[in-house]
Each structure stands twice: as C-alpha cells, then as structure tokens.
Amino acid sequence: MLRKVIITVILVAVVVCIAILLGAFRSTSVAPGVDKPLSADEMQQLIPRGRELAMAGDCFGCHSQPQGPKAAGGVAIDTPFGTLYSTNITPDPTYGIGKYTRADFHRALKDGVAPKGNLYPAMPYIFTHITTPEDIDALYAYLMSIPPIAVANKSNSGAFSLPVRPFMNFWNLLNFPDRSVPENAERSAQWLRGAYLVQGVGHCASCHTPQNFMMGVDFARDFQGGEINGWAIPNITASSLAKHGFDVATLTQYLSTGIAPQGTSFADMHTVTHFSTSAMKVDDVEAVATYLLTDANGSIPPAASAPTPLPEAENPTADSNMAIGRRTYLAACAGCHGSKGEGIPNVAPAMYGNATLAMDSAQNLIRVVLNGIPTQTFTGNQRMYAMPPFAHELSDEEIADLSTWMRAQWGGQATAVTPSQVSSIAGSVR
C-alpha cells in the first residue's frame with residue numbers, strides 16, 4: 001500500500017512538473033485588441049511619449065555597450081549560472097526586434113514571453129508588467145523608430161547556453177507576482193506618477209531590493225539595498241535617503257546630473273544617470289524623487305546634516321591606525337579630494353558629505369580605492385577625472401586604515417575596516 005502511495009505521489013509530481021514546464025500555469029495579462037496593428041500616424045504620435053518611457057526604463061543603458069552602437073546589445077550580465085548578454089533591441093529584422101508585432105511586444109513586457117520563448121528576468125518584465133497598454137504602445141512606437149543596426153547577438157554562456165528557457169516557468173511561478181499600478185487616494189498626482197515609474201518601467205527595486213535564494217526580488221524588503229556584481233547597492237528607502245542628506249531638490253539634482261553634495265554616480269549607477277534619468281523630463285525626475293522620499297505615513301523626512309567626525313578621527317592618537325589612515329589620505333588622496341574633503345569641481349568629488357562613506361558597508365569605498373574609477377562625463381559638460389587604482393600602491397593594511405579613517409571622519413562610521421576585508425573584495429586587480 002505504501003509503495004502504491006509513493007508511486008502515485010511521484011507520478012502526480014511528474015505530471016505537475018511537465019504541466020509547469022509546458023506553461024500550463026502561465027496566463028497572459030496582455031490587453032485585448034493588441035493583435036490589431038497601429039497605424040503609421042498612431043505610431044508617429046506615440047514616439048515622444050515612448051522616448052520618455054525608454055529613458056525612464058534605462059533601455060539603452062542595458063542594451064548598449066559603452067563604446068558600441070546604441071541599443072545593439074552585447075552588455076554582459078554576470079550570474080552564478082553563467083553570463084547573459086543583453087540583446088539587440090533596434091528594429092533590425094534579423095538581429096533585433098524588427099519582426100515583433102505589436103502583440104509580441106506587449107507579451108514580452110507584460111508576460112516575459114518573446115517569440116523565441118521565455119525571457120530571462122534580466123529583462124525586468126516583473127516591473128514592466130504593470131505598464132499600461134497605452135504606454136507599451138508608446139515604447140513600441142519609439143523603439144521601432146530608432147535606426148536598425150545589424151549587429152548579431154552574443155551567445156550566452158554557462159547554463160544559459162543550454163535550452164533552459166522552458167524551465168523559467170518554474171521560476172516565474174514562484175517569483176513573478178501579478179503586480180498592479182500603485183494607487184493611493186491620499187497621495188498627490190506627482191507621487192502617483194513617481195510610483196508608476198519607479199515600481200514599473202524604471203524598475204529601481206530590481207537592483208535596490210534584496211534577492212531571495214532564487215535570485216528573485218524580495219518585495220517584502222523593498223528598496224532596502226542588496227549586492228550586485230560585487231557592489232553594495234544602497235538602501236534607498238525614504239529614511240535612509242534622508243539620513244544621507246537627500247531632499248527632493250538634491251535627489252532630483254543627483255538623478256538629473258549624476259552629481260550632488262552626496263557624491264557622484266559611478267559604476268552601474270552612472271549608467272542609470274547617464275543613459276536614463278539625466279535624459280528624462282525634470283517633472284518625471286521630481287516625481288521619482290518625491291515617491292522615493294515619501295515614507296509610509298505620507299511624509300517626507302527632513303534631510304539630515306553631514307555626519308559629525310568621530311573624535312578618534314578628528315584628533316587621532318599618534319601612530320594609531322586612525323593616524324596612519326589620516327596620513328595616507330593626506331599623502332595619496334588630498335591632492336584631488338582636498339585636505340578637508342572639499343573636492344575640486346570637475347576634477348574630483350568631495351568626501352565631506354559623501355554618501356558612500358556613510359554606508360554601513362565599506363565595500364564600495366574599498367573597491368574604488370583598489371580599482372579606481374575611469375574619467376566620467378555628466379550633464380552640463382561636467383566631468384570627473386580618472387581616479388587611479390591603488391591596489392599596487394598601498395598595502396591591504398594601509399587601505400584598511402585609510403578606509404577606516406575616511407569613514408570615521410566623513411561618514412560617522414565607527415566600525416574599523418580590516419585588512420582581510422580589503423583582500424577579499426571581489427574585483428581586486430591584484
């Protein structure tokens with residue numbers, strides 16, 4: 001009897017798994033009527049609206065290599081299971097989306113399913129899922145209006161080189177909630193617009209929210225930070241942003257230019273400000289800032305002042321680790337960043353008030369000291385010159401002391417950085 005029960009359970013499990021694999025539990029949220037093509041006049045009228053949405057979604061940041069043609073794909077996305085490469089999203093009929101129908105495009109953004117099969121969640125369909133049909137039409141019209149570029153897509157590696165797309169049905173069953181457009185009768189139209197952009201096509205939570213063990217977004221911890229590609233992703237909840245001195249004006253400035261009193265955008269965030277938020281209408285950027293800075297009670301917390309230097313950093317004991325860190329800063333960093341951390345406009349960002357130093361994790365600071373940052377350009381002809389790597393100039397002990405002192409002096413952080421932390425940071429060029 002027990003054997004029959006076990007066999008029955010196994011058979012039922014196999015049948016259910018096959019059903020999931022074949023998509024039996026997948027439903028579509030595509031609006032009716034999208035099988036009908038848009039007219040040429042309708043497409044033309046939708047282009048400006050679609051461009052704004054494409055900027056908000058950072059489509060070109062993910063689908064354009066830094067030195068490559070716009071929207072032709074090829075950007076590497078590393079995962080524990082292999083490397084994915086972003087695809088060509090120009091209207092090229094061979095390598096791009098030129099053969100996508102209106103309905104194809106809707107299903108890709110709403111359901112995560114393309115003509116070739118399931119998309120991988122590196123394409124943020126979990127967020128574009130809430131986009132209105134009218135806005136998806138606008139995005140479709142805009143992307144079909146950009147120049148087609150005949151650049152072949154790169155082959156994925158690791159597990160993604162195998163025919164595993166059907167198995168995404170299992171992942172979607174557990175990690176693809178049926179989300180909807182945020183609504184709140186007590187919030188302003190500006191807040192509602194920001195919520196729609198942030199929670200939808202802007203997909204801010206895809207980076208700024210922790211992942212579960214399946215690499216799905218843990219929406220229960222919305223915007224509480226995470227880790228991607230060896231970078232500590234900041235917490236961008238309202239309280240955390242206010243703690244780092246952001247108000248609506250300074251957060252709007254940061255998103256619009258990549259530069260604010262809290263520092264400059266770098267690494268993946270520079271891609272966002274460069275390709276996306278700096279190209280958006282300022283009203284939409286302000287809406288995003290308003291939404292992010294509004295707490296659960298509907299209030300915007302007051303922006304905090306820059307952290308006060310800790311006494312042991314301001315007046316370090318002779319020959320202490322703090323004293324060594326301060327001397328290292330004056331010898332290696334002060335020439336560009338200033339002896340008081342004031343920075344030099346269009347040369348080096350200020351350390352005073354810099355949000356990276358006030359993060360609980362020292363990971364990003366250590367990575368920057370080790371590997372440097374290339375010259376970066378920002379809006380309004382602004383730029384920051386390249387910061388050289390110090391991986392071969394300073395020892396682990398010196399970098400640890402330097403990081404400890406900088407965080408205590410300008411970040412209010414009392415936790416010491418250890419040499420073992422420095423040596424273990426991913427991306428070290430040593």
Tell me whether [X] contacts the main-chain N or O of [Y] through its side chain, where contact means a donor paired with an acceptor under 3.5 Å.
X: Thr317; Y: Ser320; answer: no
X: Glu312; Y: Met322; answer: no
X: Thr375; Y: Ala386; answer: yes
X: His63; Y: Ala72; answer: no
X: Asp284; Y: Met280; answer: no
X: Glu342; Y: Ala350; answer: no
X: Thr237; Y: Phe223; answer: no
X: Ser161; Y: Gly158; answer: yes
X: Asp58; Y: Phe275; answer: no
X: Arg407; Y: Met359; answer: yes

Identify the heavy atoms of [X] and [Y] that sit nearest to each other, and give their distance.
X: Gly245; Y: Thr250; answer: O-OG1, 3.8 Å
X: Lys110; Y: Thr131; answer: NZ-O, 3.2 Å
X: Lys70; Y: Tyr142; answer: NZ-OH, 3.8 Å
X: Val285; Y: Ser256; answer: CG1-OG, 3.5 Å
X: Ser403; Y: Val417; answer: CB-CG2, 3.9 Å
X: Trp410; Y: Ser339; answer: CZ2-O, 4.4 Å

*So Thr83 and Tyr85, side chain to side chain contact (heavy atoms under 4.5 Å, CB included) or not? Walk me through it.*
CA-CA 7 Å; Thr83 300; Tyr85 290 94; 3.8 Å; yes

Is the shortest side-chain heavy-atom distance between [X] and [Y] below 4.5 Å?
X: His106; Y: Pro133; answer: yes
X: Gln224; Y: Ser240; answer: no
X: His244; Y: Asn235; answer: no
X: Phe266; Y: Gln376; answer: yes
X: Pro69; Y: Val151; answer: yes
X: Asp247; Y: Ile300; answer: no

*Over 12 foreign heavy atoms within 6.0 Å of CD, Gln44*: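 12 or below, so no.
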
*asked:* Would you say that more than 12 heavy atoms from the other residues, nucleotides or ligands in this model lie under 6.0 Å from the CZ of Phe170, or not?
replied: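 Counting other residues, nucleotides and ligands, CZ of Phe170 exceeds 12 neighbours.
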
Does the side chain of [X] come under 3.5 Å of the side chain of [Y] through a donor N or O and an acceptor N or O?
X: Gln190; Y: Thr290; answer: yes
X: Asn229; Y: Asp78; answer: no
X: Thr404; Y: Asn321; answer: no
X: Asn175; Y: Asn212; answer: yes
X: Asp268; Y: Thr271; answer: no
X: Gln199; Y: Arg179; answer: yes
X: Asn88; Y: Thr90; answer: yes

*Return the set of residues passing salt bridge (Lys or Arg N to Asp or Glu O under 4.0 Å) with Arg51 (not counting sequence neighbours), or none when no residue passes.*
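Listed in chain order: nothing, the list is empty.
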
When rounded to the nearest 0.5 angstrom, what distance separates [atom1] in [X] from [atom2] in [Y]?
X: Ser86; Y: Asn156; atom1: OG; atom2: CG; value: 10.0 Å
X: Leu84; Y: Phe160; atom1: CG; atom2: CZ; value: 4.5 Å
X: Thr377; Y: Gln382; atom1: OG1; atom2: CD; value: 10.5 Å
X: Gln262; Y: Leu357; atom1: CD; atom2: CG; value: 12.0 Å
X: Phe81; Y: Met215; atom1: CZ; atom2: CE; value: 6.5 Å
X: Ile228; Y: His208; atom1: CD1; atom2: NE2; value: 8.0 Å

*Taking the six-membered ring for Trp, is the centroid-to-centroid distance between Tyr120 and Trp171 below 6.0 Å?*
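No: the rings miss the under 6.0 Å criterion.
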
So [X] and [Y], would you call those rings parallel, tilted or perpendicular, with 30° and 60° as cut-offs?
X: Phe105; Y: Tyr140; answer: tilted
X: Phe176; Y: His129; answer: perpendicular
X: Phe127; Y: His203; answer: tilted

_side chain to side chain contact (heavy atoms under 4.5 Å, CB included) assessment of Trp191 paired with Leu293_ = CA-CA 10 Å; Trp191 184 95; Leu293 280 162; over 6 Å; no

Taking ring-ring contact (aromatic ring centres under 6.0 Å, His included) as the definition, give me every residue that meets it alongside [X], ordered by chain and number, with sequence neighbours left out.
X: Tyr95; answer: none
X: Tyr352; answer: none
X: Phe378; answer: His270

*For Met384 and Val347, what are the C-alpha separation, side-chain angles and deciding distance, and is it a side chain to side chain contact (heavy atoms under 4.5 Å, CB included)?*
CA-CA 5 Å; Met384 291 293 167; Val347 175; 5.7 Å; no

_Could you go through Thr356 and Asn364, starting from their C-alpha distance and side-chain angles, then the distance that decides it, and tell me whether this counts as side-chain hydrogen bond (donor to acceptor under 3.5 Å, both in side chains)?_
CA-CA 7 Å; Thr356 297; Asn364 293 351; 5.6 Å; no

_Steps toward side chain to side chain contact (heavy atoms under 4.5 Å, CB included) verdict (Asp319, Ile324)_ = CA-CA 6 Å; Asp319 297 324; Ile324 294 170; 5.9 Å; no

*Tell me the salt bridge (Lys or Arg N to Asp or Glu O under 4.0 Å) pairs involving residues 120-140, sequence neighbours left out?*
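Pairs touching residues 120-140 that pass the test: Arg49-Asp135, Arg102-Asp137.
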
*Do any pairs count as a salt bridge (Lys or Arg N to Asp or Glu O under 4.0 Å) and have a residue in residues 211-225, sequence neighbours left out, and if so which ones?*
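Of all non-adjacent pairs touching residues 211-225, those that pass salt bridge (Lys or Arg N to Asp or Glu O under 4.0 Å) are Asp218-Arg221.
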
_If you apply the rule side-chain hydrogen bond (donor to acceptor under 3.5 Å, both in side chains), what do you find for Tyr329 with Asp401, and how did you get there?_
CA-CA 9 Å; Tyr329 176 84; Asp401 291 342; over 6 Å; no

*Is the cationic atom of Arg383 (NZ for Lys, CZ for Arg) positioned less than 6.0 Å from the six-membered ring centroid of Tyr385 and within 45 degrees of its normal?*
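That pair qualifies as a cation-pi contact.
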
